[in-house]
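Only heavy atoms go into these numbers, but all of them, side chains included; no hydrogens, no water, no symmetry mates. Remember, it's a predicted structure, so these values are computed and weren't measured experimentally. So that the names make sense, note that chain A is the first sequence line, chain B the second, and so on, each numbered from 1.
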Amino acid sequence: MKLLFEKSVEGCALSILPELDVPEYRLSEGALRLKAPKLPQLSETDIDRHYSELERRAFGVNNGFYPLGSCTMKYNPRVNEAIAALPGFTQVHPLQPSDTVSGCLEVLKLAGGELCEITGMDAMTFQPAAGAHGELTGVMLIKKYHEARGDFSRDKIIVPDSAHGTNPATAAMCGMKVINVPSGADGCVDLGRLRAVLGPDTAGLMLTNPNTVGIFDRNILEITNLVHEAGGLNYYDGANLNAIMGVVRPGDMGFDCVHLNLHKTFSTPHGGGGPGAGAVGCKGFLAPYLPNGYGEDRPESIGRVKAFYGNFLVVVRALAYLLMLGREGVTLAAQMAVLNANYMKKRLAECYAVSHEGICMHEFVVTLEREAKERHVTAMDVAKALLDKGIHPPTMYFPLIVHEALMIEPTETESKETLDLACEAFLEVYRDCMAAETPSQHPLTTVIRRPDEVRAARESKLIYKF
Amino acid sequence: MGDFISTTPASRREMLETLGLGSLEELYRDIPAQLILKDGANLPEGKSEFEVFRQMESIAAKNTIYRSVFRGAGAYRRYIPAIVNTVISKETFLTAYTPYQAEISQGILQSIFEYQTMICLLTGMDVSNASLYDGANAAAEAVAMCRGKKREKALVSACASPDVIETVRTYCWASGIELELIPEKDGVTEHSSLEAMISPEVCCVYLQQPNYYGLIEDCQAFAETAHLHGAKFIMGVDPIAAAVLKTPGECGADIAVGEGQSLGLPTAFGGPYLGFIASTEAMKRALPGRIVGETIDSEGNRAFVLTLQAREQHIRREKAGSNVCSNQALCAMAAAVYMAAMGPDGLKRAAELSLSKAHYLADKLGALGFELKYKGEFFQEFVTVCPPGVDETALLKFLEASGILGGLPVSGGLLWCTTEMNTKGEIDELVERVSEFLKKGGAAQ
């Protein structure tokens, strides 16, 4: 398919803006660029068709099953979009006087209140724009807490080896040393190893619970307690909150601050990679350090992490979702996410080796380690064959503690019928891959075949060359 | 209550039976019992779609929507061609995740590649990423890119937007980079101060074009001084102004960043917007976030993939330069559609309309005694000093009564802004209202 630049026709232009209606002002020559940017010149028809064609070459939750582990690809309710498009929200300037933005402030207050209840936190900021941004804000809160107490010796953040890569990357951005702790055989925190690394230099622990192999760490109270006894704080990575919202609360587990991915747990769309929203909640003793929101002036704040007050329209969508679900709906969503995952896990166990036995939470991990060794059938092969079944593959090669991993998260918005069809596809793919005599060539039906990623990195053609 | 759950209660029972469980609660039997909420979270009861729509509509109605806006300061009300929202409302673009599976994500990957190209065309740089959270965050990430072993000090113009300075300050505090502000003189960054402040410890110099007060900076001089001392030069640019002003590439910038909201996104109480970041070829491996590259598939056809991933957190973990993964992809798509719809001439016209209208308004206000605070050349924003005895707050209130959002109070005056949205009729009406206010005495009433 051609690029916009390859479709461009010299002299083609839309009539978007009117002629100048005031006297013309010219800038001094020295300030001007030498030539106009070579943007494409296209008719509206061609632009429209271009993006319609691009849409056909993409895959969203609206197209089919999307069990991308750790990403919580639940259905994105359309009413959220209708509400976020209300001019009363879209047309507000962020620097309007306070008495003219009371609706926006009400949205933030309502959403903050509900999320505090769900997490067991006392205060919430919506300034962070994404999960990793929320993590950054959370670790900054921890850093500030220690500094405010005059304790400058705490420069270590403990991260389990099952953690998302953003956890250690975030800690490093805050000038912290990262202490990686190996997980136990059960995929949970090894208490002995945790004890061994705790000390007067511990700033805090970053933990996802349920963890990335989909298991709720039953020692959670002991873990958070050990960290507190060592003088550190506990940070909850909310990536997996969908499993437990309305069932248990991070605040009751001993966590001091959390980030939430509104674009995962609270149904706002991912937009092909963003915008998300990474709300951060904390216990009261950390609240003085939160970034300042509209009209707020906390003298001890860590400072801004972004201009203005966050991805506001994303918060609008999440609030609409929360209002619809309410108390019962939030719990039921979590329960059904867990039920769907366990049902799939049980059915897939017919062929696939699961990484950890027992009841999982909202997701589980299967491993192709044995198949890779014995038959050269890899997690990649299974994933690519699923593409030909119209299913978005699970997350591949994560978590790092499971070899040849596929991480599967069906979410609560899929029906039993969809899960049954998907399970059959997964099982058929497994059998086909194992029976194949030659290396897998899948996908066969997609608009491109497997791309050469090594070449992409080596040649690094990152823009169109005219 | 709406829950968007697709499984019927009958299917639920069947699934539980398959698992040998009697109830949904049993799924949580491994969790310590004292942690389990007895009655769910303390939330209001759920509602129907109709009720929630009505409730949110009434909340939205509590906000004031101004008929005409003369306030910018980092967020600009501009005309958004209808095609922009048509495209970004397409369901698949809306609901897709990050394009990890290239074979079924070519549409999104290609759109990002096109966006990256347009950002480079606009800024005159070599390489762009797929977007960052916003302009302030892009500035902070750019500063982090420049940090060197013995270079741990950043010099940032005091004339940058306050939100940018504060965001950079927060990131610098956390990572241990020292931050100093290059002072302002006559509304622009003082070059002689830079010469006094620069040292071998300085990793970068950040300048905003046009600056917070709307004035045009002499960026080349700052780039030269920075480079002379081995520091990088980062330029924050307004993307509409960039259509006419000397590009970061022409000024010698190593990194260009900016707030992309003006490219087809509403002001929306501050977000979502997008940050753009583009660099020279030499610095591409230090760029944060996602980058799309061109390659071929196993049959030799052109294909696009996420590339240079060895920079990123999921590979490098604590050694990654940044933790960014989610970005503002859909906003970046809006920006690309906007630039395609406007084309080179349309974008230039948006810039020229904004520029000329600002000067028309400045002249008219000047005639009423609102003198320009600074004498330098400005683009679409400018600061006026109120005539003696005029109460700024009262003036803004007075304008508000006519549905006009006036300039933003900044130290020593009002920061006005015009875009293509402000017709001559609108500007004349504003001036008339201001004149009326002055006739009434110009003070609180």
Check your understanding: Which atoms of B:Ser105 come close to chain A, meaning under 4.5 Å heavy atom to heavy atom: side chain ones, backbone ones, both, or neither?
Key -> backbone
Point to revise | Part of B:Asn42 within contact of chain A (heavy atom distance under 4.5 Å) | key: both
Check your understanding: Hey, which of B:Glu420, B:Glu312, B:Glu259, B:Arg29 has the most heavy atom pairs under 4.5 Å with chain A?
Key -> B:Arg29
Exercise for review: Give, as side chain, backbone, both or neither, the part of B:Ile59 having an atom under 4.5 angstrom from any heavy atom of chain A.
Suggested key: both
Practice item. Using the six-membered ring wherever Trp is involved, compare the ring planes of B:Phe304 and B:Phe113 and label them parallel, tilted or perpendicular (cut-offs 30° and 60°). Key: tilted
Check your understanding: Top residue by heavy-atom pair count (under 4.5 Å) with chain A, among B:Tyr133, B:Tyr360, B:Tyr97?
Key -> B:Tyr97
Practice item. Could you check whether the rings of A:Phe59 and A:His392 sit parallel, tilted or perpendicular, using 30° and 60° as the cut-offs? Key: tilted
Review point. Is the B:Tyr66 to A:His93 ring centre distance short of 6.0 Å?
Key: no
Exercise for review: Just give me the residue among B:Leu347, B:Leu405, B:Leu355 that pairs up with chain A most often, heavy atom to heavy atom, under 4.5 Å.
Suggested key: B:Leu355
Review point. Highest number of heavy-atom pairs under 4.5 Å with chain B: which of A:Leu339, A:Asn76, A:Leu42, A:Thr331?
Key: A:Leu339
Point to revise | B:Arg317 side-chain N/O to A:Thr166 backbone N/O, donor-acceptor pair under 3.5 Å | key: no
**Study point:** Segment of B:Lys284 engaging chain A (4.5 angstrom heavy-atom cut-off)
**Key:** side chain
Review point. Below 4.5 Å, heavy atoms only, C-beta onward: do B:Asp39 and A:Arg327 meet side chain to side chain?
Key: yes
Exercise for review: Answer with yes or no after comparing the ring centroid distance for B:Tyr28 and A:Phe216 against a 6.0 Å cut-off, counting only values under it.
Suggested key: no
Exercise for review: Examine whether an atom of A:Ile359 lies under 4.5 Å from a heavy atom of chain B, and if so say whether it belongs to the side chain, the backbone or both; otherwise answer neither.
Suggested key: both
Practice item. Measure distances from B:Ser356 to the heavy atoms of chain A and classify the residue's part below 4.5 Å as side chain, backbone, both or neither. Key: both
Review point. Which one of B:Lys319, B:Glu45, B:Met339, B:Glu299 has the most heavy-atom pairs closer than 4.5 Å to chain A?
Key: B:Glu45
Practice item. Give, as side chain, backbone, both or neither, the part of B:Asn301 having an atom under 4.5 angstrom from any heavy atom of chain A. Key: neither
Check your understanding: If you tally heavy-atom pairs under 4.5 Å against chain B, which of A:Gln41, A:Glu459, A:Met73 wins?
Key -> A:Met73
Check your understanding: Checking A:Val139 against chain B: side chain, backbone, both or neither under 4.5 Å from a heavy atom?
Key -> neither
Point to revise | Over 12 non-hydrogen atoms of neighbours within 6.0 angstrom of NZ in B:Lys348 | key: no
Study note, to complete from the structure: Checked B:Gln106, B:Glu91, B:Lys47 vs chain A; the most non-hydrogen pairs under 4.5 Å come from B:Glu91
Check your understanding: With a 4.5 angstrom heavy-atom cut-off, which part of A:Ser28 approaches chain B: side chain, backbone, both or neither?
Key -> both
Review point. In terms of heavy-atom pairs under 4.5 Å with chain B, which of A:Gly358, A:Ala132, A:Gly329 leads?
Key: A:Ala132
Check your understanding: Does B:Ser161 have any side chain to side chain contact (heavy atoms under 4.5 Å, CB included) partners at least two apart in sequence or in another chain, and if so, which?
Key -> B:Val164, B:Gln208, B:Tyr212
Review point. Which one of A:Glu81, A:Glu453, A:Arg56 has the most heavy-atom pairs closer than 4.5 Å to chain B?
Key: A:Glu81
Exercise for review: Heavy-atom distances under 4.5 Å only: say whether B:Glu57 touches chain A with side chain, backbone, both or neither.
Suggested key: both
Practice item. Counting only heavy atoms closer than 4.5 Å, note whether B:Leu245 contacts chain A via side chain, backbone, both or neither. Key: both
Check your understanding: Which of parallel (below 30°), tilted (30 to 60°) and perpendicular (above 60°) describes A:Tyr75 and B:Phe4?
Key -> tilted
**Study point:** Partners meeting ring pair (Phe, Tyr, Trp, His ring centres under 6.0 Å) with B:Phe269 (sequence neighbours left out)
**Key:** A:Tyr294, A:Tyr309, A:Phe312
Point to revise | Top contributor to chain A contacts, counting heavy-atom pairs under 4.5 Å, from B:Ile5, B:Ile108, B:Thr307 | key: B:Ile5
